[in-house]
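In this chain, residues are counted from 1 in sequence order. Just so you know, ligand 1 is whichever comes first in the structure, and atom 1 is the first atom listed for that ligand.
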Amino acid sequence: MYAQLVDTGLSRVQSDADLSALEKQFQERIDAGIRMEPQDWMPDAYRRTLVRQISQHAHSEVVGMLPEGNWVTRAPSLKRKAILLAKIQDEAGHGLYLYSAAETLGVEREDLIAELHAGRAKYSSIFNYPTLNWADIGMIGWLVDGSAIINQVPLCRCSYGPYARAMVRVCKEESFHQRQGYDLLLEMCLNGTPEQKAMCQDAFNRWWWPALMMFGPSDGESVHSAQSMKWRIKLFSNDELRQKMVDQTVPQAEYLGLTVPDPDLRWNEERGHYDFGEIDWDEFWAVLAGNGPCNKERLQTRVDAHENGAWVRDAFMAYAEKQEQRKAKQVA
Ligand code: BYC
């Protein structure tokens, strides 16, 4: 089932001549801004694209708990520990909303998770980088959740109802996540010691470029964007959103007194945007191919967690079965 429903091949934009009558009606509804619901007719390729994107997104939320999870026991105060725990729990919740949204398209959550654990499903490249010091936790909130918000706010208006609705709550929570990251960095950069400020600059140097990579390959290399934009699954291109992230984040870095690690960064008066340097796309594709600094560790940790949690799932199932038997007896 999963293999049939996940689009792994290159997509191409369908011309009007390619479309059947049903597909034409579907496209007209999309163009009119009508949202699709699970019971509505939809082209197989639209369904497959959604399953691919939503399941990758769900996996990203779940794997995304790991880099921050490393710091729960090392948070510098009870307050920071409580905040970090709450944030990580939110990410688990996001994974659950998203797996549920994917299930409305006819796939099973177990199958999606099995694909992740087999190393066949993607999740966001950003979570294959290590968290080496406490400032990294601030960077994840500020840059990673910050990028996630820029990418996900438009998804609240995407054409598939369950995905769009899940995104509304996710975005509200991501907004709190970004603020906690920035607040942590404000404390370290403006009120901290010179060593703490240096720790923030070191973390910034390591997270800036991977955060820009989160938006995906440049528009010329993005295989899915054109069709996804026609279907209003994506409302903006990868490069448009990346530019928004740079424009929004540079003044925030200046306020913290941090230097953006990009010698080519400069304000372009004519464009009304920052120009920025070339992303190391070889690094991006290497991370996607499984060769980032932490890919193997992240996947192994997820597989171990799943296997070690088998008894919890078994216990829930046994309890549910008992309840069913009890109910059946009462009815009889
Ligand atoms: N990492 O044609 P393209 C979070 C893949 S969670 C890995 O542009 P598309 C958070 C792409 O899948 C953040 N893979 O694709 C959580 C495709 O491969 P396949 C996750 C990437 O789908 C916890 C190929 O490259 N957010 O923020 O049109 C704590 C070609 O790309 C990446 C979402 O998932 C990448 N960075 O656009 C804190 C948002 N980029 O599938 C924070 C929803 C590209 O053909 N997803 N690829 O094998 C999207 O908006 C889109 O799927 C993307 C990619 C913009 C990511």
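Checked against a 6.0 Å centroid threshold, the rings of Trp142 and Phe204 count as neighbours.
Some N or O of Ser125 is nearer than 3.5 Å to an N or O of ligand 1, by distance alone. Considering backbone and side-chain N/O of Lys122, one or more are found under 3.5 Å from N/O of ligand 1. Inclusion of Gln56 in the set of residues having an N or O under 3.5 Å from an N or O of ligand 1 is warranted.
Ligand 1 places these atoms under 4.0 Å from at least one heavy atom of Tyr123: 1 (N), 7 (C). Less than 4.0 angstrom separates some heavy atom of Asp145 from each of these atoms of ligand 1: 38 (C), 42 (C). Close contacts between ligand 1 and Met214 involve ligand atoms 27 (O), 36 (N) [criterion: under 4.0 Å to a heavy atom]. Those atoms of ligand 1 with a heavy atom of Phe215 less than 4.0 angstrom away are 55 (C). Within ligand 1, counting atoms from 1 as listed, the ones closer than 4.0 Å to a heavy atom of Tyr163 are 43 (C). Near Asn238, meaning under 4.0 Å from one of its heavy atoms, ligand 1 places the atoms 8 (O), 55 (C). Atoms of ligand 1 found under 4.0 Å from any heavy atom of Ser222, numbered from 1 in the order shown, are 2 (O), 3 (P), 8 (O). Under a 4.0 Å criterion applied to the non-hydrogen atoms of Arg52, ligand 1 contributes the atoms 12 (O), 22 (O), 41 (O).
Looking at Asp183 and Arg80, a side-chain N of the basic residue comes within less than 4.0 Å of a carboxylate O on the acidic one, giving a salt bridge. Here Glu173 pairs with Arg169 in a salt bridge; the nearest charged N to carboxylate O distance falls below 4.0 Å. With respect to the salt-bridge test (charged N to carboxylate O, under 4.0 angstrom), the residues Glu240 and Lys244 do not qualify. Ionic pairing of Glu37 and Arg165 is present here: one or more N-O contacts between side-chain nitrogen and carboxylate oxygen are shorter than 4.0 angstrom. Between Arg242 and Asp239 there is a salt bridge, since at least one side-chain N of the basic residue sits less than 4.0 Å from a carboxylate O of the acidic one.
Contact annotation: for Asn151 versus ligand 1, heavy atoms closer than 4.0 Å belong to the side chain alone. Proximity of His57 to ligand 1, defined as any heavy-atom pair under 4.0 Å, is shared by backbone and side chain alike. Proximity of Val287 to ligand 1, defined as any heavy-atom pair under 4.0 Å, is not found for any part of the residue.
Residues Ser100 and Arg109 have side chains that bring a donor and an acceptor to within less than 3.5 angstrom of each other. In summary, the side chains of His224 and Gln53 do not present any donor paired with an acceptor at a separation below 3.5 Å, with no hydrogens or angles considered.
The closest approach between Ser228 and ligand 1 stays at or above 4.0 Å for every heavy atom of the residue. Heavy atoms of Phe236 come nearer than 4.0 angstrom to ligand 1 in no pair at all.
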Pair Tyr182, Gln252 - check side-chain contact (heavy atoms from CB on, under 4.5 Å), show working. CA-CA 9 Å; Tyr182 199 66; Gln252 296 170 353; 3.7 Å; yes
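Looking at Arg242, Gln53, Lys234, His224, it is Lys234 that brings a heavy atom closest to atom 54 (C) of ligand 1. Counting heavy atoms only, Pro217 comes closest to atom 31 (O) of ligand 1 of the residues Ala148, Ser225, Pro217, Ser55.
For the pairing with Val62, the side-chain contact (heavy atoms from CB on, under 4.5 Å) check across Tyr123, Tyr99, Phe127 returns one residue only, Tyr99.
Within a 6.0 Å radius of CZ in Arg179, no more than 12 heavy atoms belonging to other residues, nucleotides or ligands are found.
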